[in-house]
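Scroll down for the structure; my scribbles are underneath it.
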Number of protein chains: 2
Amino acid sequence: MENKKVDRRIQRTRQLLQDALISLILEKGYDKITVQNIIDRANVGRSTFYAHFLDKDDLMASNLEKLHEELGPHLASSYDDDSERAMLPSLALFRHTQEQHHMYKSMIGGRGIEIVHQVIWDGLTAHARAHFEQLESTGKRLAVPKEILVTYLAGSMRILLTWWLDNDMPYPPEQMNEMFLKLVDGGIEGVIQDGQEIS
Amino acid sequence: MENKKVDRRIQRTRQLLQDALISLILEKGYDKITVQNIIDRANVGRSTFYAHFLDKDDLMASNLEKLHEELGPHLASSYDDDSERAMLPSLALFRHTQEQHHMYKSMIGGRGIEIVHQVIWDGLTAHARAHFEQLESTGKRLAVPKEILVTYLAGSMRILLTWWLDNDMPYPPEQMNEMFLKLVDGGIEGVIQDGQEIS
DNA sequence: ACTGTTACCGCACAGTGTGTTCAGTAACAT
DNA sequence: ATGTTACTGAACACACTGTGCGGTAACAGT
């Protein structure tokens with residue numbers, strides 16, 4: 001059933017290139033990296049690089065995709081842990097970030113990259129949107145436009161996550177999650193109203 | 001007293017280059033712009049560009065500096081308006097953003113740029129830090145590390161500002177400011193404690 | 001209006017990175 | 001052992017960078 005037919009050489013090459021990119025990002029930042037740098041560090045032929053990826057961005061995207069696939073299961077299991085007050089799978093995200101902090105830091109800390117936005121943050125935003133839509137369907141009214149709430153919630157998560165990584169994760173994921181919820185809950189609750197009328 | 005000795009040709013050239021950069025950013029994003037593009041659009045000789053700026057980043061920095069100088073007075077006057085609950089000069093910032101939205105959007109919306117961080121956001125963070133330090137000096141205790149609060153506050157401002165620009169400013173600055181304060185106040189107040197003891 | 005100064009232009013230059021092609025070689029699966 | 005497939009290395013045209021320099025045009029001050 002499993003597709004184990006992937007040539008070892010392919011696996012090796014892709015891995016080498018992906019690792020090279022990450023380590024280079026952590027050293028000098030995404031912008032300043034050239035394809036030349038990457039293939040030098042990975043010790044891979046020039047033509048080989050272009051046989052696998054279109055360019056630097058494409059390689060980055062593949063890295064991101066990999067991470068995203070791996071994150072999936074973690075999110076699913078998160079609903080067991082903090083299902084109660086979960087507006088976002090924040091605890092799961094903090095935990096996974098700690099596990100894969102090299103990868104995350106290369107994508108977040110060392111300056112944001114276009115593609116990261118499109119995959120990670122848009123996913124978070126979707127989560128938040130679903131939360132508020134579900135809330136609305138139960139008759140609640142929002143004193144602030146939904147899209148702003150959604151952006152704010154996902155954005156706050158991003159802010160704390162970024163800070164955490166930039167500061168070498170000085171607190172455990174659980175504590176970060178507590179603080180995140182404490183900060184965000186207050187503001188969110190203030191704009192949720194039971195009644196029909198809005199000011 | 002005034003230094004009006006600046007050669008007209010210099011003013012003209014610098015202005016042309018700065019405008020060219022902004023319009024190009026709004027079209028295709030900072031990363032994809034070359035010095036060649038800039039001088040073509042500005043209709044300025046190659047050597048002239050390098051007579052004024054070191055490279056693309058340097059030109060961007062000059063643009064940013066210009067904006068920052070102009071923002072100064074606005075911030076000062078903001079303390080008249082919302083001095084009461086001002087943790088940040090948020091209203092002034094929303095207003096100035098609306099006035100200079102082309103400039104701001106080119107620097108924020110179309111993907112963050114390294115230098116922007118260092119000037120605008122670090123300034124905001126400093127404001128926030130000053131606020132909490134002043135709060136601490138009056139005997140209040142914080143249930144969340146100060147640096148996290150600072151980051152969160154400045155970050156939230158950034159989030160909303162970015163959203164506002166990306167969505168073509170659908171609400172007036174005053175309303176954005178109200179919503180910002182509503183969202184942020186709740187969370188912040190929840191972590192400020194009067195007493196001496198912390199959990 | 002005249003004059004010295006200074007900014008601009010245009011072109012040429014070496015240097016570096018890009019993305020493609022292709023024949024030769026080595027590692028792979030079976 | 002054999003056919004297949006991925007990698008290598010070198011060459012290629014192209015694009016952009018940053019610098020240098022003589023000629024030209026716009027400037028400020030008298």
Side-chain angles (χ1 to χ4, degrees), chain A residues 1-63 65-66 110-111 113-115, chain B residues 1-63 65-66 110-111 113-115:
Chain A
M1 216 84 240
E2 290 281 330
N3 267 352
K4 294 214 167 186
K5 299 172 186 174
V6 189
D7 196 315
R8 287 202 208 100
R9 290 170 293 179
I10 298 183
Q11 293 180 9
R12 175 179 161 278
T13 300
R14 297 180 77 95
Q15 192 65 53
L16 283 171
L17 289 171
Q18 288 170 339
D19 291 350
L21 179 60
I22 292 180
S23 71
L24 281 169
I25 291 177
L26 295 176
E27 279 174 31
K28 50 185 207 171
Y30 186 75
D31 305 339
K32 297 200 166 69
I33 297 174
T34 66
V35 174
Q36 198 68 47
N37 298 147
I38 300 171
I39 62 179
D40 285 351
R41 167 137 336 171
N43 203 27
V44 155
R46 176 167 203 72
S47 36
T48 306
F49 177 93
Y50 287 105
H52 286 274
F53 305 101
L54 292 171
D55 50 25
K56 191 177 63 164
D57 285 343
D58 192 37
L59 170 58
M60 188 68 207
S62 81
N63 247 338
E65 200 176 327
K66 205 173 167 183
R111 188 77 261 94
I113 299 157
E114 191 69 31
I115 314 156
Chain B
M1 219 82 240
E2 291 282 331
N3 268 352
K4 295 216 171 194
K5 296 172 187 175
V6 189
D7 197 314
R8 287 202 209 97
R9 292 170 291 179
I10 297 183
Q11 293 180 10
R12 174 179 162 277
T13 299
R14 296 181 77 94
Q15 192 65 51
L16 282 172
L17 288 172
Q18 287 170 339
D19 292 349
L21 178 59
I22 291 180
S23 70
L24 282 169
I25 292 177
L26 295 176
E27 280 174 30
K28 49 186 210 171
Y30 187 75
D31 305 339
K32 298 200 165 68
I33 296 174
T34 65
V35 173
Q36 198 68 45
N37 297 147
I38 300 171
I39 63 180
D40 286 349
R41 164 122 358 152
N43 204 26
V44 155
R46 175 164 206 73
S47 32
T48 306
F49 177 93
Y50 287 105
H52 287 272
F53 305 101
L54 292 172
D55 51 24
K56 192 177 62 163
D57 284 343
D58 192 37
L59 171 56
M60 187 69 207
S62 82
N63 249 336
E65 200 177 328
K66 207 173 167 184
R111 186 78 264 98
I113 298 157
E114 190 69 30
I115 312 154

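From a predicted model like this one, the values you see are computed outputs, not experimental measurements. Convention: sequence-line order gives letters A, B, ...; per-chain numbering from 1.
In this structure, B:T13 reaches the C:dC8 phosphate: one of its side-chain N or O atoms is under 4.0 Å from OP1 or OP2. Taking only side-chain nitrogens and oxygens, B:H52 comes nearer than 4.0 Å to OP1 or OP2 of C:dC8. Taking side-chain N and O atoms only, A:Y50 has no distance below 4.0 Å to OP1 or OP2 of C:dT20.
In terms of position along DNA chain D, the nucleotide closest to A:A51 lies nearer the 5' end than the nucleotide closest to the other residue of the pair A:A51 and B:N37. Mapping B:R9 and B:L54 onto DNA chain D via the closest heavy atom, the residue that lands nearer the 5' end is B:L54.
Atom OG1 of residue A:T48 and atom CZ of residue A:R46 lie 11.0 Å apart, to the nearest 0.5 angstrom.
Whole-Å rounding puts the B:I10 CD1 to C:dC9 P distance at 13 Å. Atoms NZ (A:K5) and P (D:dA6) sit 15 Å apart, rounded to a whole Å. The distance from atom CG of B:L59 to atom P of D:dT17 is 12 Å, rounded to the nearest whole Å. Straight-line distance from the CD atom of A:Q36 to the P atom of C:dG19: 12 Å, rounded to whole Å. At whole-Å resolution of the value, CD1 in A:I33 and C1' in C:dT16 are 17 Å apart. Atom-to-atom, CZ of B:R46 to C1' of C:dC8 comes out at 15 Å; the value is rounded to the nearest Å. When the C1' atom of D:dC27 is taken as reference, atom CD of B:Q11 falls 12 Å away, rounded to whole Å. Here the P atom of nucleotide C:dG19 and the CD1 atom of A:I39 are 11 Å apart, to the nearest Å.
Two residues are said to be in side-chain contact when any heavy atoms from C-beta on lie closer than 4.5 Å; A:V44 and A:H52 fail this criterion. Counting heavy atoms from C-beta outward, A:N43 and A:L16 have side chains that stay 4.5 Å or more apart.
If you check the side chains of B:D58 and B:Y50, you find no donor sitting under 3.5 Å from an acceptor. A side-chain donor-acceptor contact under 3.5 Å links B:S23 and B:R41.
With D:dG18, C:dC9, D:dC27 as the candidates, the nucleotide lying closest to the side chain of B:R8 is D:dC27. Closest contact between the side chain of A:S47 and the listed nucleotides D:dA25, C:dC9, D:dT8 involves D:dT8. Taking the side chain of B:T34 as heavy atoms from C-beta on, and the options C:dT18, C:dC28, D:dC16, the nearest nucleotide is D:dC16.
Heavy atoms of B:D40 sit nowhere under 4.0 angstrom from any nucleic acid atom.
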